[in-house]
Amino acid sequence: QVQMVEFGGGSVQAGDSLRLSCTASGLPFSMLGMGWFRQAPGKEREFVAAISWSGRNTYYTDSVKGRFTISRDNAKNTVYLQMNSLKPEDTAIYYCATSQGGSGPDVPYGYWGQGTQVTVSS
C-alpha cells in the first residue's frame with residue numbers, strides 16, 4: 001500500500017513562516033528524489049522545489065529562492081519544505097510527489113500526496 005500524507009498548511013500573514021511535511025509509506029523512500037509543487041486558484045500547477053535521494057542536491061523555482069528550503073529525513077520517510085517570508089502570491093495548495101528517476105524540475109513524478117492548503121494574507 002502506497003500512502004503520501006502532507007501536513008503543516010495554514011492561514012498566515014505576509015512575512016510569516018510555515019513548515020510543510022510529507023510522510024510516505026509503501027515506497028523505497030530513501031532511494032527516490034522528491035518534489036514539492038503548488039497550484040493556486042485559476043492557475044496551472046507549478047514546480048516549487050526538489051531534492052535528490054541523498055539530500056545532496058536541491059532545486060528551486062526562482063520565485064522562492066532565498067525564502068524556501070527543502071530537506072529530508074530518510075529515517076522518518078519524510079520530506080520538508082520550510083517557507084519563510086511568505087507572500088500573498090505563495091497562496092496555493094501544496095503537493096509532495098515522488099520522482100520516477102533522478103531529481104529536479106524536469107523529471108517525471110509518480111505518486112502524489114493529497115495536498116495541504118497555504119493561505120497568505122497581506
Side-chain angles (χ1 to χ4, degrees):
Q1 183 180 7
V2 175
Q3 188 173 15
M4 305 269 290
V5 182
E6 298 108 326
F7 293 98
S11 182
V12 299
Q13 293 185 327
D16 286 350
S17 298
L18 286 172
R19 189 176 79 157
L20 307 183
S21 63
C22 173
T23 299
S25 61
L27 293 167
F29 181 84
S30 63
M31 299 176 65
L32 300 173
M34 298 291 296
W36 284 98
F37 297 78
R38 66 188 181 187
Q39 188 166 21
K43 303 290 186 179
E44 296 293 323
R45 187 180 65 194
E46 176 189 25
F47 169 81
V48 177
I51 188 167
S52 63
W53 67 270
S54 66
R56 295 179 181 177
N57 302 109
T58 58
Y59 311 82
Y60 300 94
T61 191
D62 286 345
S63 64
V64 308
K65 288 180 179 178
R67 300 189 298 120
F68 290 11
T69 302
I70 188 171
S71 62
R72 67 190 299 161
D73 185 342
N74 286 344
K76 297 181 178 180
N77 285 3
T78 299
V79 62
Y80 304 94
L81 186 68
Q82 178 67 44
M83 304 184 294
N84 297 330
S85 301
L86 283 162
K87 303 176 180 179
E89 51 262 45
D90 295 317
T91 296
I93 301 174
Y94 284 71
Y95 301 89
C96 67
T98 63
S99 171
Q100 294 182 321
S103 60
D106 300 316
V107 302
Y109 286 83
Y111 293 102
W112 296 76
Q114 85 288 347
T116 185
Q117 177 71 49
V118 172
T119 302
V120 185
S121 300
S122 61

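For the pair Arg67 (side chain) and Ser85 (backbone), a donor-acceptor distance under 3.5 Å is present. Not one N or O on the side chain of Thr23 forms a donor-acceptor pair closer than 3.5 Å with the backbone of Thr78. Ser103 places no side-chain N or O within 3.5 Å of a backbone atom of Gly33 that could act as its donor or acceptor partner. When atom types are taken as modelled, the side chain of Gln39 and the backbone of Ala92 share no donor-acceptor pair closer than 3.5 angstrom.
Considering Val118, Ile51, Val48, Val64 in turn, Val48 is the only one that fulfils the side-chain contact (heavy atoms from CB on, under 4.5 Å) rule with Leu81.
Within a 6.0 Å sphere centred on OH of Tyr60, heavy atoms belonging to other residues, nucleotides or ligands number more than 12. Environment of CH2 in Trp112: crowded, with over 12 heavy atoms of neighbouring residues, nucleotides or ligands closer than 6.0 Å.
Note on Val107: it clusters hydrophobically with Tyr95, by side-chain heavy-atom contacts below 4.5 Å among ILVMFWY residues. Under a hydrophobic clustering in which Ile, Leu, Val, Met, Phe, Trp and Tyr are joined whenever their side-chain heavy atoms come within less than 4.5 Å, directly or via other members, Tyr80 and Leu86 fall into different clusters. Under the 4.5 Å side-chain heavy-atom criterion for ILVMFWY residues, a single connected hydrophobic cluster contains both Phe37 and Ile93. Trp53 and Trp36 fall into different hydrophobic clusters, defined by Ile, Leu, Val, Met, Phe, Trp and Tyr side-chain heavy atoms under 4.5 Å apart, directly or through other members. Met31 and Val79 fall into different hydrophobic clusters, where Ile, Leu, Val, Met, Phe, Trp and Tyr side chains are chained together by heavy-atom contacts under 4.5 Å.
Tyr94 approaches Met83 most closely through the heavy-atom pair CE2-SD, 3.9 Å. Closest approach of Ala24 to Phe29, counting heavy atoms only: CB-CD1, 3.9 Å.
A salt bridge does not link Lys87 to Asp90: none of the charged nitrogens lies less than 4.0 Å from a carboxylate oxygen.
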Would you be so kind as to tabulate the donor-acceptor pairs closer than 3.5 Å made by side chains of residues 11-22, with sequence neighbours excluded?
{"unit_1": "Asp16", "atom_1": "OD2", "unit_2": "Gln13", "atom_2": "N", "d": "3.2"}
{"unit_1": "Ser17", "atom_1": "OG", "unit_2": "Asn84", "atom_2": "OD1", "d": "2.9"}

